[in-house]
Amino acid sequence: MTTSSLSEAVFSLPEEDHRGGVALARAFARRTAMNFGFRGNHDDVVLVVNELTTNAVCHGGGQPFVRIVGGENRVLVEVTDDEAAHPELRSGGWGLQLVARLAEAWGVTERAGQKVVWCELTA
């Protein structure tokens, strides 16, 4: 994929209603995948955004936001929050298990003092 074919979209969950913001993040993810012309499964993009934003709301801190970068063949989903603790795959947990299964790759990094949980999906 060439750099010129990349698009970027960012969504910040509402301060007053983070849990309700997860539903808005799902709608944002579906719209974004469509607008990017992503040829992969849009439901997968929505599902990973749902799981990562839910984790940020339930276990993170500050005001979470979602960043999606991509194009026709790939999308990179990032969910950022202020909690320092990194999520881990747990045998009883569903969220990251789903993300790991659907994504080509996933991980956790830090940017500007914030935790960023990311995953990459391909068409």
Side-chain angles (χ1 to χ4, degrees):
M1 177 167 46
T2 63
T3 305
S4 63
S5 67
L6 292 177
S7 297
E8 177 182 20
V10 178
F11 174 78
S12 182
L13 274 72
E15 282 186 56
E16 64 284 349
D17 182 15
H18 285 160
R19 287 189 186 271
V22 173
L24 296 173
R26 288 192 304 266
F28 162 78
R30 186 169 304 283
R31 231 180 8 262
T32 300
M34 188 180 323
N35 290 342
F36 286 5
F38 181 56
R39 295 187 319 210
N41 189 331
H42 294 189
D43 290 337
D44 290 353
V45 177
V46 172
L47 183 56
V48 299
V49 166
N50 180 73
E51 296 305 326
L52 296 180
T53 55
T54 297
N55 282 352
V57 166
C58 293
H59 307 293
Q63 180 161 355
F65 69 90
V66 180
R67 177 176 176 255
I68 303 176
V69 178
E72 291 180 349
N73 298 316
R74 291 184 183 276
V75 292
L76 171 70
V77 174
E78 297 179 338
V79 177
T80 303
D81 68 60
D82 292 338
E83 176 60 42
H86 287 203
E88 296 178 8
L89 288 174
R90 294 180 296 124
S91 61
W94 286 80
L96 285 179
Q97 296 285 349
L98 287 170
V99 172
R101 190 162 277 247
L102 294 173
E104 283 291 313
W106 77 277
V108 183
T109 190
E110 189 176 308
R111 184 183 306 130
Q114 294 182 303
K115 173 183 68 195
V116 180
V117 183
W118 61 270
C119 68
E120 184 176 32
L121 295 108
T122 57

>> Could you see if Phe28 belongs to whatever hydrophobic cluster contains Val116? Use Ile, Leu, Val, Met, Phe, Trp, Tyr and a side-chain cutoff under 4.5 Å.
In response: no
> Cluster partners of Phe65, using ILVMFWY side-chain heavy atoms under 4.5 angstrom, listed by chain and number?
Replying inline: Val10
> From Thr53 OG1 over to Arg26 CZ, what is the distance, rounded to the nearest 0.5 angstrom?
Replying inline: 7.5 Å
> How close do Leu52 and Cys119 get, heavy atom to heavy atom, and via which atoms?
Replying inline: CD1-SG, 4.2 Å
>> Is the shortest side-chain heavy-atom distance between Arg39 and Asn73 below 4.5 Å?
In response: yes
> Are Val46 and Val48 grouped together when hydrophobic residues (ILVMFWY) are joined by side-chain heavy atoms under 4.5 angstrom apart?
Replying inline: no
> So Glu104 and Arg74, salt bridge (Lys or Arg N to Asp or Glu O under 4.0 Å) or not? Walk me through it.
Replying inline: CA-CA 10 Å; Glu104 283 291 313; Arg74 291 184 183 276; 5.6 Å; no
>> Quick check: do Val117 and Asn55 have side-chain heavy atoms less than 4.5 Å from each other?
In response: no
> Can you name the residues that form a side-chain hydrogen bond (donor to acceptor under 3.5 Å, both in side chains) with Asp82, not counting sequence neighbours?
Replying inline: Gln114
>> Can you give me the closest heavy-atom contact between Lys115 and Glu83, atom names plus distance?
In response: CB-O, 3.2 Å
> Val108 and Trp118: which non-hydrogen atoms are nearest, and at how many Å?
Replying inline: N-NE1, 3.6 Å
>> Give me the atom names and distance for the closest heavy-atom approach of Val66 to Ala25.
In response: CG2-CB, 4.3 Å
>> Give me the atom names and distance for the closest heavy-atom approach of Ala103 to Leu121.
In response: CA-CG, 4.5 Å
> Any donor and acceptor pair, going by atom type alone, linking the side chain of Gln97 with main-chain N or O of Arg90 inside 3.5 Å?
Replying inline: yes
> Heavy atoms, side chains only, cut-off 4.5 Å: are Pro14 and Leu24 in contact?
Replying inline: yes
>> Applying the side chain to side chain contact (heavy atoms under 4.5 Å, CB included) criterion to Ile68, which one of Val79, Asn35, Val75 satisfies it?
In response: Val75
>> Working to the nearest 0.5 angstrom, can you tell me the gap between Leu76 CG and Thr122 OG1?
In response: 12.5 Å
> NE2/His59 to NE2/His86 distance, rounded to the nearest 0.5 angstrom?
Replying inline: 15.0 Å
> Any idea which heavy atoms bring Phe36 and Gly70 closest together, and the distance?
Replying inline: CE2-N, 3.5 Å
>> Hydrophobic clusters here meaning ILVMFWY residues chained together by side-chain heavy-atom distances under 4.5 Å, can you tell me if Val99 and Leu89 are in one?
In response: yes
> When rounded to the nearest 0.5 angstrom, what is the spacing between CG in Leu6 and CD in Glu72?
Replying inline: 11.0 Å
>> What I'd like to find out is whether the side chain of Arg30 reaches to under 4.5 Å of the side chain of Asp43, using heavy atoms alone.
In response: yes
